[in-house]
Every structure is written in C-alpha cells, then in structure tokens.
*Asks:* 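Quick one: structure below, then a few questions.
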Protein chains: 2
Amino acid sequence: MSKFDEIIRLSGYSRATVSRVINHSRHVSPEAREKITDIMNQLNYVPNRNAVSLSTGQTHQIGIVMASTSEIVLSFLNQFVDIAMDYGFQTIIYTTRGDKENELRAFEDLRSKRVDGLVIVTCVNEPRLLKAYCEYGPIVSWQRMGSDEIPSVAMDQAEGYRLALEHLISRGYTRIANLFGRVESLNTQSRREAYEQFMQEHHLPVRTDWYRYSVFTPTDGEQALRQLAADAELPQAVLCANDYVAIGIQSEANKQGISIPDQLAIVGFDNTELADTLGITTIHNPIAEQATHAFCRLWAVLNKQQMESLLQPEPLKYKLIARQTT
Amino acid sequence: MSKFDEIIRLSGYSRATVSRVINHSRHVSPEAREKITDIMNQLNYVPNRNAVSLSTGQTHQIGIVMASTSEIVLSFLNQFVDIAMDYGFQTIIYTTRGDKENELRAFEDLRSKRVDGLVIVTCVNEPRLLKAYCEYGPIVSWQRMGSDEIPSVAMDQAEGYRLALEHLISRGYTRIANLFGRVESLNTQSRREAYEQFMQEHHLPVRTDWYRYSVFTPTDGEQALRQLAADAELPQAVLCANDYVAIGIQSEANKQGISIPDQLAIVGFDNTELADTLGITTIHNPIAEQATHAFCRLWAVLNKQQMESLLQPEPLKYKLIARQTT
DNA sequence: TTGTAAGCGTTATCAA
DNA sequence: TTGATAACGCTTACAA
C-alpha cells in the first residue's frame, strides 16, 4: 500500500481531502488539515512526482539545448538554471555535440511530456523542422533562428560590433581582421554585414581576405594569428568572436613578439571575467539578462500570464569596455 | 481517448500486446508487430514518459549537484552529461549557490522519484545528513565526502600536489606559497598535509604564513598576489588551487613587473586549455575520466550489474605539465 | 503469442 | 467542507 493510501486509512479522510491538504487548498477544515498534516509528517511523506506529472500534465522541467557546455555558454546556462529554480523549475541539459539526431531527442522529449518547455542555446537542425514542435510546448531560443515561431531573446550583434568598430577607428586602426564563429549563424552574418557597412560608410577597405570562420577557442585564436602573421601584411586590429579567442590572439602575439596594441590591437566579445584579468578590450554583452528573458518568456506561457516584473522595461544594451589591447 | 487507446482500437490487439511492441518484446508475432508499428507511425505516437516513469519507477534522469556551473566544474559536467546521454540518461542540474536548503531539494527529488540517482560535485550539507538519502537511490560524489556510504570518484590530490612540489624543488624554488580553495574541504586538507610533509622531509621551511584560502577565480588570484607582494619577502613560487587562479597570479605579476619565473614561479592545477595557451605549468587532472567513473558507478547500481568495460582497469594518474611559469 | 486485469500515485470533476 | 469515482497513460503478473 502506498503512503498516500496509508494516510487515507490512518486519517479516515478521503483521497480527495488528503490531496487537498497536500496542495494547500483552502477548502479544508482546520481539523482535517492538522490531522492529515500530522500523519504526513509522521510517515515522512513526499508526493511521487511522476504521478503528479502524469496527472497534471506538467513536469516543471525545462530542457536546454546546446552543442556542449562550453565556457562561452556558461553564464547563460548558470543564470537560466538559477532563475528557473527560483520559480520552481528544474533544468535538463541536452548536449548535442552538433549532431542533428541527438538534438531532435530534446524536441521529442517535449512531445513525450518529459519537459514543459525548451530553450535553444545553439542548434543545428533547420528551423522549419523544429517549429513543428511548437505545438507541444513553448520554445525560445538564444541563438537567432530567423523564424517567427521560435522567438529569440538574443540581441542583434551588429550593434555591439559597431561599437567595437567605432572604437578602433577612433584610435586609428583601419586595417581590421575579423574572426567569426559558425559560418552559417545569423550572428556571424550580422557581424559581417555590420563590418562591411561600417567600413564602406567610412570609405575604408573591406578586408574579406582577413575573414576567418569557426574560430571559437583560445587555441583557434592562436592558430588564426599564426596564419595571419605568415602573410606579408599584418592587420592593425583583430575583432574576435569572443573573449576566449582574444586570449589566444594575445598569447600568440606575445610569443611572436608582436607588440600590443602598437602593432596589433585586439577586441574581444562578451566581457567575461578573464577579459578583465588579462586587460582585453571587449564588448560587454548582457548575457545573464538574456537568460532571464528566456525563462520569463517560457514562464509566461506555462503560467498563461505575463511576467511584467521580470521583463526588462528598458531594452538591453551593449557597451564597449576599453582596456590595454587597444 | 489517448493515442495508446486509439492504437488498441485500430489494431484490434490488446493493451498488453501494444505495450510489448512499444518495448520491443520478443513475444510478439510479426503480423502484430507490423500492424501495430504501422498504426503507431501513422498516429505519430510517442509514449508519455511520465506514465512510463510512474509505472516502472524509473525516470532515467540523474541529478548533478553543485554550487554553480563554474569553469572549474565544466569539464566534469560536460563529460558526465555526455556519457549519461549515451546510456539513455538525462542530467538535471541542481545549483545550490552554497545554500543548504537549496541543496536538500536535490536530495528530496531523489526521494520523490524525480531522479534515479545523484552525483555530488560540491556540497555543503553534512555527510551524515545526506547519507540518509542513500536508501532512495544511488549517490556518488566527486568531492570527497569522508563517508563510506557516499563513495567518491575523486583522486587524492596529495599525489598531484607532491608532483608539483618535487618539480619546484628540483628547479630550486624552496620558499613556496599555497593558495587553497575551501578551508574545510578534504582536498584542501590533503594538499596542505602533502605540502607540510614534503617540506619537512626535505628540511625546508613550512610557510604557513603564505597560506591563503577561498581563492577560486582569476580575480581572487590577482588579489592574493597583491597581498603577498605587499609583504617584505616575496615567495619564490606559488602553488594555485586551479589554473584560473594561476592566470590571475600571472597577470598581476606582469602588471607589477614581477618577472616569471625568475622572481616568481607559478604552478596551476587541472591542466585546462587556457593553461596551455598561457604557458602555465600545471598538474594534469583526469577530470573527464572521473566523471565517467561517477556515471558508471550509478549505472552499475541502476542496472544491477557491473560495467566492467567502462571501469578503468588501471588507476588514474596525475601528471606534471611543465611550461613557462616554472 | 495473446489477453485480462490490476497496478503505479496522484489530480480533478461531480455531486452531496 | 467532504467523498466517490474517473482519469492520467503506461507496465506487468498471471492466465489462456
């Protein structure tokens, strides 16, 4: 006999009343509440969450989908897990390693009621394939999806990129290399367009020969600089996909005796703690706030209500943080 | 009517047979299997995982408990999530922010059948309180718990620490500072004892005045060096709690014009990618392998069988990685 | 190989 | 305020 039935037996009340006490319903007499509560404590009762989930259709679990738990997504992840927990939601990690089938499992888990909602941090499947899952529960994305059905909480990175470009130009750096992340990502596209437009507006050369893609880690950064340095002409400045790439550039420059920022200026992206420690100029990216946004969107749907208090009134802003590498 | 009932109705078979097909039981005729499979595909059926979990008593979910998802635990987390997924288990993150009540919620979730098992990465509650939860499901720990009931997959850090000390002494650094993590942790205790024992064996001074605690991040490292440098005598070498602290030390030393390794040698811990990039001498710590171990322990219990193939035959080893900071 | 029927542990709808 | 009873969607003895 389950503990639930035990409580029913010992208290003399019905199944329904016991359930009401568990769920703090107001329609219970004080005597019933006290008696049942006592017995619950005595038996050290906890509800079986699978039974609750089956009955209510809600798991209070949210899935978060990403290629892997890297440093780059860490602050988003951390903030999301934290705020979700504050609102009574657990977070399940789905790491896909960039594999489409792995990734689809997360979406299937939405369909099979394992999770109530989904946050996409990075994903590799076609948006038009994924949006079919929207009918099973709310989905929001950090990565921009280029699809209205799956809303994104990301900011347009063009804006941040322009801040970096203005800063560089104002200090006299005009021959600029760009180290991008994923070729197909909308972020990369935004950044590239921002760069090209900005340079054209200022009648400066657009150096597409200094574009590099799939540069994510410090090691990637080191390698990229080695390549660039092998050519006849060294750029005056490098715009990096993120701070970790910038660290790689900085380190490799030191090894090669390239002086920073005289011979080479470096700008990172995201403003992580290490960029501060290592004196790297960077663009502050309000990542934690975007994670908060992501949760709020989901929460609003799952609770069928707006969550005004948490939806930032003023839009988020990028900010240039000037340090020693420019 | 649920899709399950729909399948029963359309196929003409019973509830049990349909279930058998879903679970790939051998005791089903080819005709039945084909007919039912067809209908399942037609209806785009997926089982409701809450119903399955309620019925079987297994969720195929494992909770991972930590203060926060920091860089330091990242490779453990990543590897654990990956291998768990390979074996059909999802991972739920419980971040506690060092709060005992938050932490207990993870353990209560084991009790309420939300997760099948638990991995402790870091925890703040008393082991004797936590071990009461062992009866509800398997628990393993990365952090050493000092309790037999909750086994730990961690290695004794004394061994790694000794490697670092031997290396330093062999290069002539004898006046050594130690930057530790949490004061009460068994790791810190191990490291401190290793240091003291090693120095005494070699008739060298034990500099307890150069002990610092709660040093975790680059910023903590910078601050620690600032303090040390303010004193009359600077140590010849610093042993750091992890590579991130070492980065902070390295950076602050550069700022202060302290030359590395001539005036100050630095040894990190863990051998992260950044230690390589930044040329920091460190101790390689097979963290991913420990995460694998952790999963295997849980898996062995949950499947009531040994997992010999995955349990490393040879014991894991620390390794000194000498770079430019020594 | 198939079917019957009893669980799994809750919530929710009525009616009283 | 309470209680009967059905519903949630699936698994699993036990029989046939």
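Here is the naming used below: chain letters follow the sequence lines, and residue numbers restart at 1 for every chain.
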*Asks:* Take the protein atom CG of A/Asp5 and the nucleotide atom P of C/dT10, then report the distance between them rounded to whole Å.
*Replies:* 9 Å
*Asks:* Is a side-chain donor or acceptor of B/Thr95 paired with a backbone partner of B/Arg97 at a separation under 3.5 angstrom?
*Replies:* no
*Asks:* From the options D/dG9, C/dT2, D/dA13, select the nucleotide whose nearest atom is closest to the side chain of B/Ala16.
*Replies:* D/dA13
*Asks:* Can you measure A/Asn48 atom CG to C/dC8 atom P for me and round it to whole angstrom units?
*Replies:* 11 Å
*Asks:* Angle between ring planes, A/Phe76 versus A/Trp142, binned at 30° and 60°: parallel, tilted or perpendicular?
*Replies:* parallel
*Asks:* Under the criterion ring pair (Phe, Tyr, Trp, His ring centres under 6.0 Å), which of A/Tyr136, A/Tyr94, A/Tyr133 is the partner of A/Phe107?
*Replies:* A/Tyr133
*Asks:* Give one of base, sugar-phosphate or nothing for B/Asn23, where a contact means two heavy atoms less than 4.0 Å apart.
*Replies:* sugar-phosphate
*Asks:* Can you check whether A/Ser29 has a side-chain N or O nearer than 4.0 Å to OP1 or OP2 of D/dT1?
*Replies:* no
*Asks:* Between B/Lys113 and B/Arg33, name the one whose nearest nucleotide on DNA chain C is closer to the 5' end.
*Replies:* B/Arg33
*Asks:* Over how many whole Å does the gap from A/Glu6 atom CD to C/dG9 atom C1' extend?
*Replies:* 14 Å
*Asks:* Between C/dG9 and A/Arg49, counting only base atoms on the nucleotide and side-chain atoms on the residue, is there a donor-acceptor pair under 3.5 Å?
*Replies:* no
*Asks:* Hey, does the side chain of B/Ser112 reach the backbone of B/Glu108 with a donor-acceptor pair shorter than 3.5 angstrom?
*Replies:* yes
*Asks:* Over how many whole Å does the gap from B/Met40 atom CE to D/dG9 atom C1' extend?
*Replies:* 14 Å
*Asks:* Can you check whether A/Lys100's main-chain N or O pairs, donor with acceptor, with A/Asn125's side chain at less than 3.5 Å?
*Replies:* yes
*Asks:* B/Thr56 or B/Arg26: which one's nearest nucleotide on DNA chain C is closer to the 5' end?
*Replies:* B/Arg26
*Asks:* In whole angstrom, give the distance that lies between atom CZ of B/Arg15 and atom P of C/dT4.
*Replies:* 11 Å
*Asks:* When we call it a touch if two heavy atoms are under 4.0 Å apart, what does B/Ser19 touch: a base, just sugar-phosphate, or nothing?
*Replies:* base
*Asks:* Between A/Gly12 and B/Tyr45, name the one whose nearest nucleotide on DNA chain D is closer to the 5' end.
*Replies:* A/Gly12
*Asks:* Using whole Å, report how far CG of A/Leu54 lies from C1' of D/dC8.
*Replies:* 4 Å
*Asks:* Do any side-chain nitrogens or oxygens of B/Thr17 fall under 4.0 Å of OP1 or OP2 in C/dG3?
*Replies:* yes
*Asks:* Do the side chain of A/Arg111 and the main chain of B/Pro47 share a donor and acceptor less than 3.5 angstrom apart?
*Replies:* no
*Asks:* In degrees, rounded to 10°, what is the bend between the two ends of the helix from C/dT1-D/dA16 to C/dA16-D/dT1, using five pairs at each?
*Replies:* 30°
*Asks:* Given atom OH of A/Tyr13 and atom P of D/dT1, what is their separation to the nearest angstrom?
*Replies:* 12 Å
*Asks:* Over 60° means perpendicular and under 30° means parallel, so tell me whether A/Tyr87 and A/Phe295 are parallel, tilted or perpendicular.
*Replies:* tilted
*Asks:* Would you say the base of C/dG9 and the side-chain of A/Ser55 have a donor-acceptor pair closer than 3.5 Å?
*Replies:* no
*Asks:* Treating B/Gln290 as the side-chain partner and B/Pro286 as the backbone partner, does any N or O pair qualify as donor plus acceptor under 3.5 Å?
*Replies:* yes
*Asks:* Would you mind telling me which of C/dT11, C/dG3, D/dG9 lies closest to the side-chain atoms of B/Ala51?
*Replies:* D/dG9
*Asks:* Let me know the distance between CD1 of B/Ile8 and C1' of D/dC10, rounded to the nearest Å.
*Replies:* 10 Å
*Asks:* Any idea which of D/dC10, D/dT1, D/dG3 is nearest the A/His27 side chain?
*Replies:* D/dT1
*Asks:* Could you tell me whether A/Val18 contacts a base, only the sugar-phosphate backbone, or nothing, with contacts defined as non-hydrogen atoms closer than 4.0 Å?
*Replies:* nothing
